[in-house]
Amino acid sequence: MKVLIVGKGGREHVLAWKTAQSPLVKEIFIAPGNIGMTEGSLVDINDDDVQGLAEFAEKEKIDLTIVGPESSLALGIVDEFEKRNLKIFGPNKLAAQIESSKDFAKKMMKKYDIPTSEFQSFDDKKEAIDYLNTRTIPIVIKEDGLRAGKGVTVAFTKKEALEALEQIFSIPNKVVIEEYLEGFEFSLIAIVHEDIIIPLEVAQDHKRVFDNDEGPNTGGMGVYSPVDKIDQSIVQDTIDQIMKPMLIGMKAEGMPFKGFLFAGVMLTNQGVKTIEFNARFGDPEAEGILPRMKTDLIEVILNILDNKTTLLTWDDRYTVAVVMASENYPQSSTIGAPIKIPNDLDALLFHMGTKMENGVLQSNGGRVLSVVSYGTTLEEAKQKAYDNVKQIKSEKLFYRNDIGSKMCDNSK
Ligand code: AMP
Ligand code: GLY
């Protein structure tokens, strides 16, 4: 069969790499992809060109399309493909609101009794500030809409919170102000179709840009998987208390979900609480999780689209994925910096944002490469990942040094 993968980052690269291992797949196309994605043919159609992609899929007789980025989902790529009877894995535009509107997601959590932090949403600055004045610090300020992980301020002073509000309301906007949760953060991603939930293994992302969880939030600077602290009972609580009720709610609201459902979860003293939902696989979670999955991903997706579940098997080893990012990320990103990668790199390498110019590999975005190693212990995976990261030479890339050793836990 022919598979089309939509997107151009590290998540799409690992999706292509995993798809290439399926005996069911004859040909892979990636639109637009990046130069590192040698597993398939790159198609020069951007991931926001929903019509163009649907026309391509029709013309090429693509059997299955897998959508990487939330932006394509929010634009209604699934609606357009389904209108044309093209098979596609991802939520439609309405269901993708679970991520594209923090306000929608929070209201759904309230309505369906899903544990999360207390919150209020505002589209008026004065009302937002009045509310802030009644709350305790720390507090979390979230801009509504898709912000690639960067629209969230965890404010430890009133001043920071006010600055975040000023910044958000510099244009007409919507904001969610929510209670700060203390605990151990993890990502649970499931392959979902209406009420069928196939949970993947847990990963922990490192969201802050600098070592020791300092600096602003990013899309994610690295992950490890599995996460020993999150045992089967906690995974089950997350499914029962967070994922199931949300999926029941989505169906009841006339927007049943299918695709990768991503729950960002805080394990608090009172149990699991939802930080956020995403309507797609995480990046770099995908780079940590999919290399551990032994089952054929394409078979799982085809089965679930056919309302059948699949038992997954996993590599017991740990993975550590370290993201190499452009200097100044997440504020801005220098692009066009040359990168030298040795031929004998002993790790999986997923390209998040690269290009080739005059035969030279260059950076082409905020997050540039994801280097993934296995180990029988977390320590070994980490050691190997960093040994390989150090072989990659570029003056303009940086990375965190503590992926896999700093456990993202903000509890005192
Ligand atoms: P989000 O984009 O909602 O996942 O937020 C980005 C990051 O900010 C999360 O991964 C958390 O580390 C942090 N964060 C978001 N909401 C909260 C909260 N209510 N309490 C504590 N930390 C949070
Ligand atoms: N790494 C977090 C995300 O993909 O949103």
Side-chain angles (χ1 to χ4, degrees), residues 7 9-12 14-15 68-71 73 98-106 109 115-121 135-156 160-161 164 175-189 200 202-209 213-225 260-270 272-290 321-323 325 330 350 352 366-367 370 400 403 406-412:
R11 165 185 50 212
E12 290 76 22
V14 69
L15 282 167
E70 58 274 25
S71 48
L73 297 166
I98 200 172
E99 171 166 12
S100 62
S101 167
K102 300 230 182 245
D103 184 38
F104 169 82
K106 277 297 207 184
M109 287 186 245
T116 188
S117 51
E118 259 186 68
F119 75 99
Q120 289 231 19
S121 20
R135 308 298 301 174
T136 51
I137 301 292
I139 190 127
V140 182
I141 314 280
K142 297 186 176 180
E143 187 176 343
D144 204 33
L146 293 179
R147 298 282 292 106
K150 291 171 272 183
V152 174
T153 303
V154 179
F156 288 93
E160 264 181 278
V175 74
V176 173
I177 301 183
E178 68 179 45
E179 172 202 5
Y180 174 74
L181 295 174
E182 256 181 34
F184 184 93
E185 188 174 343
F186 63 95
S187 307
L188 181 67
I189 291 132
L200 306 183
V202 173
Q204 188 176 52
D205 193 8
H206 297 62
K207 294 269 189 165
R208 301 285 187 140
V209 69
D213 285 344
E214 285 176 12
N217 273 316
T218 67
M221 293 298 291
V223 299
Y224 64 94
S225 174
F260 295 106
L261 179 64
F262 173 140
V265 183
M266 195 73 95
L267 177 62
T268 71
N269 287 338
Q270 293 123 41
V272 289
K273 290 198 181 184
T274 319
I275 298 172
E276 64 165 353
F277 283 103
N278 292 318
R280 36 100 195 151
F281 219 127
D283 191 357
E285 279 85 346
E287 292 98 301
I289 295 170
L290 288 174
V322 178
V323 170
F350 298 110
M352 304 181 90
R367 294 186 296 171
S370 183
R400 272 182 66 155
I403 306 299
K406 165 76 191 164
M407 303 298 155
C408 298
D409 185 350
N410 67 10
S411 43
K412 290 177 199 110

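Position 1 is the first residue of the sequence; numbering continues from there. As the structure is a prediction and not an experimental result, all values here were calculated from the model. Ligands are counted one by one from 1 in listed order, and the atoms in each one are counted from 1 as well.
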Hey, what do you get for OG1 (T116) to CD (E178), rounding to the nearest 0.5 Å?
6.0 Å

Determine whether the side chain, the backbone, both or neither of V223 has a heavy atom under 4.0 Å from any heavy atom of ligand 2.
neither

Taking a cutoff of less than 4.0 Å between a non-hydrogen atom of the residue and any ligand atom, is E182 in contact with ligand 1?
no

Below 4.0 angstrom from a heavy atom of D205, which ligand 2 atoms are there? Numbered from 1 as shown, please.
1 (N), 2 (C)

Go through ligand 2 atom by atom and flag the ones less than 4.0 Å from a non-hydrogen atom of N278.
5 (O)

Atoms in ligand 1 flagged as close to E178, the criterion being non-hydrogen separation under 4.0 Å:
16 (N), 17 (C), 18 (C), 19 (N)

Considering distance alone, does some N or O of Y180 sit under 3.5 Å from an N or O of ligand 1?
no

Measuring only between side-chain heavy atoms, which start at C-beta, is E179 closer than 4.5 Å to T136?
no

Do ligand 1 and L181 have nitrogen or oxygen atoms that lie under 3.5 Å from each other?
yes

Are P284 and ligand 2 in contact, using a heavy-atom cut-off of under 4.0 Å?
yes

When rounded to the nearest 0.5 angstrom, what distance separates CZ in F281 from CD in E287?
9.0 Å

At a 4.0 Å threshold, what atoms of ligand 1 neighbour a non-hydrogen atom of E276?
1 (P), 2 (O), 3 (O), 4 (O)

Considering E285, R280, M221, R367 one by one, which has a heavy atom nearer to atom 5 (O) of ligand 2 than any of the others?
R280

Out of all atoms in ligand 2, which are within 4.0 Å of some heavy atom of G282? Include the element for each.
4 (O)

Which of I98, I189, N278 passes side chain to side chain contact (heavy atoms under 4.5 Å, CB included) with L261? It is I98

Between D283 and R11, the two heavy atoms sitting closest are OD2-N, 3.2 Å

Looking only at heavy atoms of K207, does any of them come nearer than 4.0 Å to an atom of ligand 2?
yes

Under 3.5 Å between any N/O of G219 and any N/O of ligand 2: does that happen in this structure?
yes

Please lay out, stage by stage, how R400 and D213 fare under the test salt bridge (Lys or Arg N to Asp or Glu O under 4.0 Å).
CA-CA 9 Å; R400 272 182 66 155; D213 285 344; 3.0 Å; yes

Under 4.0 Å between a Lys/Arg side-chain N and an Asp/Glu carboxylate O for E276 and K207?
yes

Can you see whether K106 engages S117 through a side-chain donor-acceptor pair at a distance of less than 3.5 angstrom?
yes

Answer yes when E70 and R280 have at least one side-chain N-carboxylate O distance shorter than 4.0 Å, and no when they do not.
yes

R208 near ligand 1, heavy-atom distance under 4.0 Å?
no

Return the minimal non-hydrogen interatomic distance between E182 and T268, and the atom names on each side.
O-CG2, 3.4 Å

Can you check which of M266, K207, E185 brings a heavy atom nearest to atom 12 (O) of ligand 1?
E185

